[in-house]
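The structure under discussion appears below in the form of structure tokens.
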Amino acid sequence: MRGGLSAFIAGLGEVEFMSLRKPYRSVDEQLRILRSRGMAVDAGAGHVLRREGYCPIVNGYKDLFLD
């Protein structure tokens, strides 16, 4: 039995798959989103976003699973 994300995406039609995609956001747009959600953003935040990416920052629980 095959499962996981690949099987899920394979079972979707083209229109449904396209709706799963998120639009591209520039670093400045990402910073605006973070500020609008109440996160304190300092001068180095743009550099951190470029190095780490948006999702690892907003999903801070990932560090709990790393050794």
Side-chain angles (χ1 to χ4, degrees):
M1 176 180 189
R2 294 182 56 158
L5 184 60
S6 314
F8 175 74
I9 291 173
L12 293 176
E14 183 66 25
V15 173
E16 293 154 326
F17 177 69
M18 295 297 288
S19 68
L20 292 175
R21 295 183 184 176
K22 297 277 187 172
Y24 172 79
R25 305 280 187 207
S26 69
V27 171
D28 289 334
E29 289 172 315
Q30 292 173 31
L31 290 170
R32 277 194 291 277
I33 291 168
L34 292 172
R35 285 185 189 107
S36 75
R37 295 179 179 170
M39 184 175 275
V41 177
D42 65 11
H47 173 72
V48 174
L49 274 171
R50 286 180 193 89
R51 186 185 67 219
E52 300 293 330
Y54 183 86
C55 289
I57 292 171
V58 298
N59 297 322
Y61 64 85
K62 78 170 174 78
D63 291 334
L64 298 173
F65 298 98
L66 299 175
D67 288 332

Gap separating the [atom1] atom of [X] from the [atom2] atom of [Y], nearest 0.5 angstrom:
X     : Y     : atom1 : atom2 : result
Arg37 : Arg32 : CZ    : CZ    : 13.5 Å
Lys22 : Cys55 : NZ    : SG    : 8.5 Å
Ile33 : Asp28 : CD1   : CG    : 11.0 Å
Leu31 : Met39 : CG    : CE    : 10.5 Å

For this session: State, with a plain yes or no, whether a side-chain heavy atom of Tyr54 is found less than 4.5 Å away from one of Val27.
Result: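 No; the side chains remain at least 4.5 Å from each other.
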
Exercise. Just one of Val41, Ile57, Val58, Leu49 clears the side chain to side chain contact (heavy atoms under 4.5 Å, CB included) bar with Gln30, so which one?
Worked result: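 Among the candidates, only Leu49 passes.
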
